[in-house]
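Notes for the one structure printed next.
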Amino acid sequence: MTSMTGYGSSTVTTDEFQLEVEVKSYNNRYLDIDHTMPYYLASYEMDIDRRVGEVARRGHIELAVRIVGVKNDVNLMVDQEAVKAYHDAFQQISELAGGNLQPSLGDYLAQEGLLSSVRQNGERYKEALFQALGEALKQFSESRQREGKATHDDLVRLGSQVKDGLATIAAHADELESLIRQNLRSRMDEMLKDQQYDENRILQEVAVMLNRYTINEEVKRLSTHLKAYDGLLEEREPVGKRLDFLCQEMNREINTIGSKSQIVEMNLQVVRMKDSLENIREQIRNIE
C-alpha cells in the first residue's frame with residue numbers, strides 16, 4: 001500500500017553549478033504534476049514526467065528544480081553592424097548640431113539591439129538533473145511507502161472494529177426476530193382481543209414482517225464486504241478507488257441494519273461501526 005503523501009530531495013554540485021531537485025505530493029484523484037524549473041530545462045519535462053509516473057500513479061505532485069550557477073552561463077553578444085550604424089548616426093547628429101555633441105557609452109547602451117544576452121541551453125545540466133531526480137524520486141518513493149505502511153496498519157485496526165461490531169450484531173439477530181414476533185403478536189392480540197380471527201393469516205403477516213425487518217441478509221453481505229476489504233489491503237497494486245467503492249457498499253448495509261434494529265446494543269454497535277467506517281474513508285483518501 002502506497003500513500004499519496006511523500007517528499008524527496010537531492011542536490012548535485014559540480015565545478016560550475018549546484019542543482020537541486022525537490023519532489024513533494026498531496027492527495028489527488030489523478031496524477032497531476034506541477035513543474036517549477038528554469039525555462040531552458042523545458043525540453044526535459046516529458047522525460048521527467050515519465051520517471052515520476054514510474055513511482056506514482058495518483059497524487060498532486062510538485063516538482064521543483066533550482067540551479068545556482070558558480071559560473072555565469074550568460075554570453076553577451078554585441079551587434080557590430082548596429083553599433084557602426086548608430087555611430088554614423090551620432091556623427092551626423094553632431095555635425096548638424098555644430099560638432100559640439102559627443103555620444104557617451106550610455107547613449108549607445110540605451111539603444112535597442114546593440115547588446116543581447118544568449119543563455120546556454122540546458123544540455124550542460126542534463127546529467128546532473130537526472131542524477132538528482134533519480135535520488136529525489138527514490139527518497140520520495142520510500143517516504144510514500146512508509147506512510148502507506150502506517151496507513152495499512154491503521155486500516156487493519158479500523159476494519160477489526162467493524163468486524164467486532166458485526167459479530168455483536170449477528171449475535172443479537174435471533175433476539176431481534178423474537179422481539180419482532182412478540183411485538184407483532186401482542187399488537188394483533190390487542191387489536192382483535194377476543195374476536196375470532198384466522199391465525200394462519202396472522203402468521204403469514206408475521207412472516208412478511210419478519211422478512212422485512214430481519215437483518216440476516218445484511219449481515220451476510222457486510223461479512224462478504226469485510227473479507228474483500230481484507231484482501232484489498234494486502235494487494236500491491238493501487239487500491240484506493242476500489243476501497244472507496246467498497247466502503248460505500250459497507251455503509252449502505254450498516255445503515256440498513258440501523259434502520260431495522262430495535263435493540264439498544266445493536267444501535268450502539270451501528271454507531272460505532274459507522275464511526276470506524278468514516279475513519280477508514282478518511283484514511284483511504286490518502287492512498288493510491
Side-chain angles (χ1 to χ4, degrees), residues 1-80 82-83 105-106 108-154 236-238 240 283 285-288:
M1 181 171 291
T2 304
S3 171
M4 281 193 285
T5 303
Y7 179 83
S9 67
S10 179
T11 301
V12 172
T13 302
T14 71
D15 293 337
E16 298 182 341
F17 60 84
Q18 178 176 288
L19 185 148
E20 179 186 8
V21 174
E22 182 181 48
V23 185
K24 52 186 174 182
S25 65
Y26 310 95
N27 301 353
N28 197 58
R29 189 174 181 182
Y30 305 104
L31 179 62
D32 177 38
I33 306 173
D34 279 347
H35 312 87
T36 302
M37 58 187 185
Y39 74 91
Y40 46 86
L41 297 180
S43 61
Y44 300 121
E45 278 190 13
M46 292 183 64
D47 202 8
I48 289 172
D49 289 354
R50 179 183 62 78
R51 299 194 185 196
V52 171
E54 292 174 354
V55 298
R57 303 284 186 87
R58 297 171 62 198
H60 176 77
I61 297 175
E62 296 180 356
L63 188 146
V65 180
R66 290 179 285 271
I67 298 176
V68 179
V70 178
K71 293 185 179 179
N72 199 327
D73 64 349
V74 175
N75 292 328
L76 297 178
M77 305 294 294
V78 177
D79 189 330
Q80 297 183 18
V83 171
L105 179 60
Y108 283 96
L109 294 178
Q111 309 309 312
E112 293 185 4
L114 297 186
L115 191 65
S116 61
S117 62
V118 178
R119 186 178 293 275
Q120 298 180 11
N121 61 37
E123 184 66 28
R124 67 185 296 206
Y125 304 108
K126 181 178 180 180
E127 182 178 353
L129 170 64
F130 286 102
Q131 180 183 340
L133 178 65
E135 179 59 31
L137 288 179
K138 179 182 177 183
Q139 294 180 19
F140 172 73
S141 180
E142 290 172 350
S143 71
R144 282 162 57 99
Q145 293 293 334
R146 287 193 301 270
E147 287 287 331
K149 176 62 169 60
T151 301
H152 170 273
D153 294 344
D154 204 27
R236 294 188 177 275
E237 294 296 315
Q283 292 280 28
R285 291 190 183 103
N286 192 43
I287 62 174
E288 284 193 339

**For Gln283, all residues meeting side chain to side chain contact (heavy atoms under 4.5 Å, CB included), sequence neighbours excluded** = Thr151, Asp154, Leu155, Leu158

**Message:** Can you list everything that forms a side chain to side chain contact (heavy atoms under 4.5 Å, CB included) with Ala82? Sequence neighbours excluded, please.
**Reply:** Asp79, Leu114

**Prompt:** Within a strict 4.5 Å, meaning less than it, do heavy atoms of the Met37 and Ile48 side chains meet?
**Reply:** yes

**Spacing of OH belonging to Tyr125 relative to OH belonging to Tyr40, to within rounding of 0.5 Å** = 4.0 Å

Can you see which heavy atom on [X] is nearest to which on [Y], and at what distance?
{"X": "Leu19", "Y": "Ala128", "result": "CD2-O, 4.0 Å"}
{"X": "Leu31", "Y": "Gly53", "result": "CD2-CA, 4.2 Å"}
{"X": "Ser10", "Y": "Ala132", "result": "CB-O, 3.3 Å"}

**Message:** Among residues at least two apart in sequence or on other chains, which ones pass side-chain hydrogen bond (donor to acceptor under 3.5 Å, both in side chains) with Asp49?
**Reply:** His35

**Item:** Asp47: partners by side-chain hydrogen bond (donor to acceptor under 3.5 Å, both in side chains), with sequence neighbours left out
**Value:** Arg50

Report yes or no: does [X] contribute a side-chain atom to a donor-acceptor pair with the main-chain N or O of [Y] at less than 3.5 Å?
{"X": "Thr2", "Y": "Arg144", "answer": "no"}
{"X": "Glu288", "Y": "Arg57", "answer": "yes"}
{"X": "Ser141", "Y": "Lys138", "answer": "no"}

Please report, to 0.1 Å, the donor-acceptor pairs under 3.5 Å made by any side chain of residues 58-65, with sequence neighbours excluded.
unit_1	atom_1	unit_2	atom_2	d
Arg58	NE	Arg29	O	3.1
Arg58	NH1	Ile287	O	3.3
His60	ND1	Asp32	OD2	2.8
His60	NE2	Asp34	OD2	3.3

**Message:** The criterion is ring pair (Phe, Tyr, Trp, His ring centres under 6.0 Å); which residues satisfy it with Tyr7, sequence neighbours excluded?
**Reply:** none

